[in-house]
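First up is the structure itself, then whatever we jot down about it.
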Amino acid sequence: MLPIHLFRQNKELVLEGLKKKHFKQPELVDAIIDIDERRRQLQVENDTIAASVNAASKNIGQLMAKGEKEEAEKLKAEVAQYKEKAKELSQKLAELETEQHDLVIQLPNLPHSSVPEGKTPEENEVVRAGGTRPDLSAQKLPHWELTEKYKLIDFELGNKITGSGFPVYMGQGAKLQRALISYFLNYNIDAGYKEYMPPHMVNYDTAYGTGQLPDKEGQMYHVTEDKFYLIPTAEVPVTNIYRDTILAEADLPVKMTAYTPCFRREAGSYGKDVRGLNRLHQFDKVEVVQLAHPEKSYEVLETMVAHVEKLLQSLGLEYRILRLCAGDMSFTSALTYDFEVYSAAQERWLEVSSVSNFEMFQANRMKIRFKDGSGKTQLVHTLNGSSLALPRIVACLLENNQTPEGIKIPQVLQPYFGSDMIK
RNA sequence: GGUGAGGUGGGUGAGUGGCCGAAACCAACAGUUUGCUAAACUGUCGUACGUGUCAAAGCGUACCGCGGGUUCGAAUCCCGCCCUCACCGCCA
């Protein structure tokens, strides 16, 4: 949610940003500004009356103490009149506040100036690429055949136990998951991130804080009985750790990492996009989150990008980094880099990480603030990224490293996996 | 799930109708003293919105778990909800 002072101080900037993001209702901005003016006017009236009531009440108390009952009664009658007016005013004020909030919440975050124009994924900008494409034999197999051949993942069994999109990992397949999670977490911890194990279900306020609610309700699994939501990413519980918190400037940046399973309903997809590990309802992911000083958040973003890039390099996968165009970015993001790895058997790029700066968009919802040098309270900037999402990494590792003898395990994983080959 | 107790500022904790946005202590911060540290002493020390201003100070309103009610006036009384603790039951 954009802070209201932006609208008052810099309407043009807001309009420009919304236009770049192809937001369809720029007229909301004027509506918000208009409501804001009426709201403030009403608050002045409301506060004035409340002050009169308070003053009169104080007087009544003093008169009663002195035994001047008649005078007190007169004042009481006066207060009764004030109160009628006050009730009306505070009701209207509450209505306007709700109305304003309901409008502001519909506006997406504003894209950073470096975000390319554009509307579709084709207009994303390749920032850089690395790694090498393996030269596979003609008999190369896609990962869904490799997982069957080596008995690593049973998709059918998952169907029986839960439903499609809930695979069962087994044997070396299960161990590979655990190895990747441990490796990713340790890599993040070594870079100064503090490890967390958050709940996998969250309440409304938490899902609201990171922007999943109210508008993306259908994308999360909902436990209606207890009003909980299964997390679509660790970002949700982890960022909310600092909800309603005022940090010291010296505490920044706050660096957190967590492994969690992620649950996504993702209705409506089909075909090769969802084959095998390409898209699942439950998957594993290690996330990094930072709360940063507003003046440093873009430096922080670059360090996070470099961090994820180095991790991909260590796995020996061919990758490319995209700067998403304004139209393809998420509702909450100001700047997003997507990481894709090349799946050599499927011969296509798969997204494995998304690193974003949300600036103060989430922080404003969650009220994550810090006290700056002059003692003023400011919103922090929030950032997060995957490091990494497992399924597509697994898909690429299996496909790209397949040999007639078995599947080679990258060196960095061998200590965790306990072997250099899946046979 | 049952019964009982309770939810107050960063922490402990006082406050059962007006003098309370809230005592006291601790922590924190600034200063004095000091060879350094400590101790002692002095001061500062909640948040949001509004108003004011170049900026501020100041002023107003609201907030003592959340929501409603009683009253001229509510942290304090009443109702509902949430949460915590203790004991019992169940249990990985």
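Numbers restart at 1 for each chain; the letters A, B, ... are given by sequence-line order, proteins then strands.
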Point-to-point distance, once rounded to the nearest 0.5 Å, from OH of A/Tyr337 to CG of A/Asn357 | 10.0 Å

Euclidean distance for C1', B/G6 against B/G15 (whole angstrom) | 16 Å

Check the side chains of A/Tyr319 and A/Gln313 for a donor-acceptor pair under 3.5 angstrom, ignoring hydrogens and angles.
-> yes

Going by an N to O cut-off under 4.0 Å, is there a salt bridge joining A/Lys92 and A/Glu95?
-> no

Roughly, in whole Å, what's the span from CD in A/Glu73 to P in B/G73?
-> 13 Å

Whole-Å P distance, B/G10 and B/G1 = 32 Å

B/U16 versus B/G73 - spacing of their C1' atoms, nearest Å | 15 Å

Partner of B/C36 by Watson-Crick or G-U wobble geometry, both contacts under 3.5 Å, or none?
-> none

Show your reasoning for whether side chain to side chain contact (heavy atoms under 4.5 Å, CB included) applies to A/Glu309 and A/Leu312.
-> CA-CA 5 Å; A/Glu309 183 174 12; A/Leu312 278 175; 5.8 Å; no

Let me know the distance between CG of A/Leu379 and P of B/U47, rounded to the nearest Å.
-> 14 Å

Separation of B/A48 C1' from A/Asp244 CG (nearest whole Å) = 11 Å

How do A/Gln62 and A/Val79 order along RNA chain B: which one's closest nucleotide is nearer the 5' end?
-> A/Gln62

Using Watson-Crick or G-U wobble geometry with both distances below 3.5 Å, tell me the partner of B/C64, or none.
-> none

Would you confirm whether A/Asn124, through its side chain, and A/Leu324, through its main-chain N or O, come within 3.5 Å as a donor-acceptor pair?
-> no

Considering only the C1' atoms, how many Å lie between B/C45 and B/A24, rounded to the nearest integer?
-> 15 Å

Just checking A/Lys371: base, sugar-phosphate only, or nothing, at a heavy-atom cut-off of under 4.0 Å?
-> sugar-phosphate

Please state whether the phosphate of B/U47, meaning OP1 or OP2, lies under 4.0 angstrom from any side-chain nitrogen or oxygen of A/Arg369.
-> no

Sequence neighbours left out, what pairs pass salt bridge (charged side-chain N to carboxylate O under 4.0 Å, His left out) with at least one residue falling in residues 148-161 of chain A?
-> none

In the strands shown, is B/A92 matched to any nucleotide by a Watson-Crick or G-U wobble pair with both distances under 3.5 Å, and which?
-> none

In Watson-Crick or G-U wobble terms, with both distances under 3.5 Å, the base opposite B/C77 is B/G69

Distance, rounded to the nearest Å, where A/Met64 contributes CE and B/G17 contributes C1' | 12 Å

Checking N1-N3 plus N6-O4 or O6-N4 for Watson-Crick, or N1-O2 and O6-N3 for wobble, each under 3.5 Å, the partner of B/G52 is none

Counting only Watson-Crick or G-U wobble pairs whose two distances fall under 3.5 Å, which nucleotide matches B/U3?
-> B/A86

The Watson-Crick or G-U wobble partner of B/C45, with both key distances under 3.5 Å, is none

Starting at atom CG of A/Leu75, determine the distance to atom C1' of B/G73, rounded to an integer number of angstrom.
-> 12 Å

Any strand, both distances under 3.5 Å, Watson-Crick or G-U wobble: B/G9 pairs with none

Between A/Arg323 and A/Val127, is there a donor-acceptor pair closer than 3.5 Å when you use the side chain of the first and the backbone of the second?
-> no

Length of the CD1-P vector between A/Ile60 and B/G73, whole Å | 8 Å

Between A/Gln290 and A/Tyr193, is any side-chain donor less than 3.5 angstrom from a side-chain acceptor?
-> yes

P atom, B/G80 versus B/C25: distance in rounded Å?
-> 40 Å

Knowing that exactly one of A/Glu217, A/Gln212, A/His200 qualifies, which makes a side-chain hydrogen bond (donor to acceptor under 3.5 Å, both in side chains) with A/Tyr229?
-> A/Glu217

Given protein heavy atoms under 4.0 Å, the one-letter contact record of nucleotides 49-64 of chain B, with B base, S sugar-phosphate only and - none, is simply BSS--------BSS--

P atom, B/U8 versus B/C64: distance in rounded Å?
-> 12 Å

Within this structure, what is the CD1-to-C1' distance between A/Ile246 and B/G11, rounded to whole angstrom?
-> 16 Å

Can you check the A/Glu70 CD to B/C72 P distance for me, whole Å?
-> 18 Å

Nearest-nucleotide 5' precedence on RNA chain B, A/Lys87 against A/Gly375 = A/Gly375

Can you tell me how far C1' in B/C79 sits from the matching atom in B/U71, rounded to whole Å?
-> 16 Å

Which whole number of Å gives the distance between the P atom of B/A38 and that of B/G31?
-> 13 Å

